Amino acid sequence: MELGLVGLGKMGGNMRERIRRAGHTVIGYDRNPDVADVHSLEELVGKLKGPRVIWVMVPAGAATQSTIDELADLLSPGDVVVDGGNSRWTDDEKHAVELGIKDIGFVDCGVSGGVWGLENGYALMYGGTEDNVAKVQPIFDALKPEGDFGSVHAGKVGAGHFAKMVHNGIEYAMMQAYAEGWELLEKVDSVTDVREVFRSWQEGTVIRSWLLDLAVNALDDDEHLDKLRGFAADSGEGRWTVEAAIDNAVPLPAITASLFARFASRQDDSPQMKMIAALRNQFGGHAVENKK
């Protein structure tokens with residue numbers, strides 16, 4: 001099938017390549033002309049046959065809103081817009097109404113996989129009506145990992161980004177646990193090879209995971225993480241998870257504590273945050289701050 005893809009950054013560019021490898025036609029637009037296939041949203045829409053599917057991969061908030069506003073004026077009834085960025089689920093409901101007035105469908109999709117997704121596939125969580133999801137299904141099938149898992153129609157509009165938000169909240173807590181364990185091991189005199197302790201956990205233990213593998217990768221690059229400043233940003237989804245927990249009276253002590261630990265990293269050069277920063281760089285290509 002044909003797909004219009006808006007936003008060709010770290011995620012979008014690799015997604016375009018994976019979809020093309022699956023035999024689909026992808027026409028990509030980005031404000032950076034060096035990576036774009038077309039030079040405007042109008043040109044992008046004009047090159048696609050109806051009913052069109054446009055996948056938006058731009059930053060959440062104003063950038064997503066302005067893109068959807070422009071597409072609403074360019075698309076036709078029966079077309080579908082997919083928001084695959086990290087938008088808040090409440091924005092999805094608003095976008096679905098705005099596009100629905102013009103009989104344009106809307107699907108929200110949480111995407112996980114980072115810089116590894118091109119080869120390994122992307123975990124996908126999407127929300128929307130059965131009819132709109134069906135129009136996008138070949139693209140979901142192209143992006144997902146091989147096998148029976150890694151893709152889910154989570155529910156109605158907003159469910160995809162809500163599921164991805166909770167996923168990221170869990171990710172915060174898991175990274176924090178590895179970071180705290182690493183700092184404690186580094187602190188005591190009796191443990192002389194912390195990196196190899198972490199490596200030994202990669203097989204036969206209940207805490208083995210892809211994040212643990214990435215922690216070992218980071219320690220192989222910089223055994224004591226001496227090159228990194230103990231600072232880790234938060235993408236916003238951890239905050240949204242905690243806010244949703246408050247709204248629904250659901251206790252999230254581990255996720256909440258991990259979010260506050262990110263805030264603590266902005267006050268001091270936190271050893272734990274060196275590991276958090278290293279992990280975020282390993283799985284998502286997120287920027288790190290090196291020591292001066």
Side-chain angles (χ1 to χ4, degrees), residues 10-11 14 18 110-125 143-152 154 163-228 230-235 237-238 241 245 250-262 264-265 270-286 288:
K10 286 181 295 189
M11 288 278 281
N14 281 347
R18 185 172 176 88
V111 181
S112 181
V115 296
W116 301 83
L118 174 59
E119 299 302 329
N120 297 343
Y122 299 88
L124 306 172
M125 297 141 272
L143 287 170
K144 69 179 288 293
E146 293 183 9
D148 296 332
F149 306 107
S151 177
V152 61
K164 176 57 163 46
M165 177 195 73
V166 174
H167 165 282
N168 282 20
I170 294 170
E171 175 190 296
Y172 272 47
M174 290 177 66
M175 288 196 291
Q176 184 64 26
Y178 284 127
E180 290 175 8
W182 172 77
E183 182 181 3
L184 182 57
L185 288 166
E186 285 275 333
K187 192 73 172 180
V188 301
D189 293 334
S190 58
V191 179
T192 57
D193 199 334
V194 175
R195 177 177 59 186
E196 294 310 309
V197 170
F198 261 58
R199 197 187 311 278
S200 75
W201 293 343
Q202 290 180 277
E203 298 292 341
T205 72
V206 296
I207 64 167
R208 64 188 184 274
S209 72
W210 187 34
L211 277 175
L212 178 62
D213 296 341
L214 296 175
V216 173
N217 288 350
L219 295 173
D220 281 339
D221 292 340
D222 181 6
E223 183 174 357
H224 302 289
L225 304 182
D226 292 326
K227 300 174 184 177
L228 298 182
F231 173 94
D234 70 283
S235 62
E237 289 185 279
T241 306
V250 175
L252 299 184
I255 292 173
T256 302
S258 68
L259 174 64
F260 288 164
R262 298 278 182 102
S265 79
S270 165
Q272 293 172 23
M273 287 305 123
K274 292 183 179 181
M275 176 59 78
I276 299 292
L279 283 169
R280 294 179 80 245
N281 178 257
Q282 285 285 324
F283 71 71
H286 299 288
V288 296

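When reading the values below, keep in mind they use all heavy atoms of this one structure, side chains included, and skip hydrogens, waters and symmetry mates. Please read these numbers as outputs of a predicted model, since none were measured by experiment.
Expressed to the nearest 0.5 Å, how far NZ of Lys187 lies from CH2 of Trp182 amounts to 11.0 Å. Going from atom CD1 of Ile207 over to atom CH2 of Trp201 covers 4.5 Å, rounded to the nearest 0.5 Å. Taken from CG in Asn120 to CZ in Arg18, the straight-line distance is 8.0 Å, to the nearest 0.5 Å. To the nearest 0.5 Å, atoms CD1 (Ile276) and NE2 (His286) are separated by 12.0 Å. Here the straight-line distance linking atom CG of Asp213 with atom CD of Gln202 works out to 4.5 Å at 0.5 Å rounding. The NZ atom of Lys274 sits 7.5 Å away from the CG atom of Leu228 when rounded to the nearest 0.5 Å.
Ser151 meets the side-chain hydrogen bond (donor to acceptor under 3.5 Å, both in side chains) test with Tyr126; sequence neighbours excluded. Scored by the side-chain contact (heavy atoms from CB on, under 4.5 Å) test, Val206 finds no partners at all (sequence neighbours excluded).
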Determine, step by step, whether Asp220 and Arg199 satisfy the salt bridge (Lys or Arg N to Asp or Glu O under 4.0 Å) criterion, reporting the C-alpha distance in whole Å, the side-chain angles of both residues, the deciding distance to 0.1 Å, and the verdict.
CA-CA 10 Å; Asp220 281 339; Arg199 197 187 311 278; 2.7 Å; yes
Report task. Might you work through the side-chain contact (heavy atoms from CB on, under 4.5 Å) test for Leu219 and Met275, ending with a clear yes or no? Result -> CA-CA 9 Å; Leu219 295 173; Met275 176 59 78; 4.0 Å; yes
Test side-chain contact (heavy atoms from CB on, under 4.5 Å) applied to Leu225 and Glu186, step by step: CA-CA 11 Å; Leu225 304 182; Glu186 285 275 333; over 6 Å; no
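Taking each heavy atom of Tyr122 and Gly114 in turn, the nearest pair found is CE2-O, 3.8 Å. Here the shortest heavy-atom pairing between Leu211 and Leu279 reads O-CD2, 3.3 Å. Asp221 and Lys227 get closest at one heavy-atom pair: O-NZ, 4.0 Å. Trp210 and Gly113 get closest at one heavy-atom pair: CH2-O, 4.1 Å. When all heavy atoms are compared, the tightest approach of Leu212 to Tyr178 is CB-OH, 3.7 Å. Asn14 and Leu118 get closest at one heavy-atom pair: O-CD1, 3.4 Å.
Between the side chain of Ser258 and the backbone N or O of Ile255, at least one donor-acceptor pair lies under 3.5 Å. Side chain of Lys10 to main chain of Gly285: a donor-acceptor pair is present (N/O by atom type, distance under 3.5 Å, no hydrogens or angles). A donor-acceptor pair under 3.5 Å links the side-chain atoms of Trp116 to the main chain of Gln282, judged by distance alone. Looking at Arg280, its side chain never comes within 3.5 Å of a backbone N or O of Ala277 through a donor-acceptor pair.
Between Leu124 and Val152, the closest side-chain pair of non-hydrogen atoms is not below 4.5 Å.
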Distance-only donor-acceptor pairs under 3.5 Å for side chains of residues 166-176, two or more places apart:
from   : atom 1 : to     : atom 2 : distance (Å)
His167 : NE2    : Ser112 : OG     : 3.4
Asn168 : OD1    : Lys164 : NZ     : 3.2
Asn168 : ND2    : Glu237 : OE1    : 2.6
Tyr172 : OH     : Ser235 : N      : 3.2
Gln176 : NE2    : Glu180 : OE2    : 3.0
Gln176 : NE2    : Gln272 : OE1    : 2.6

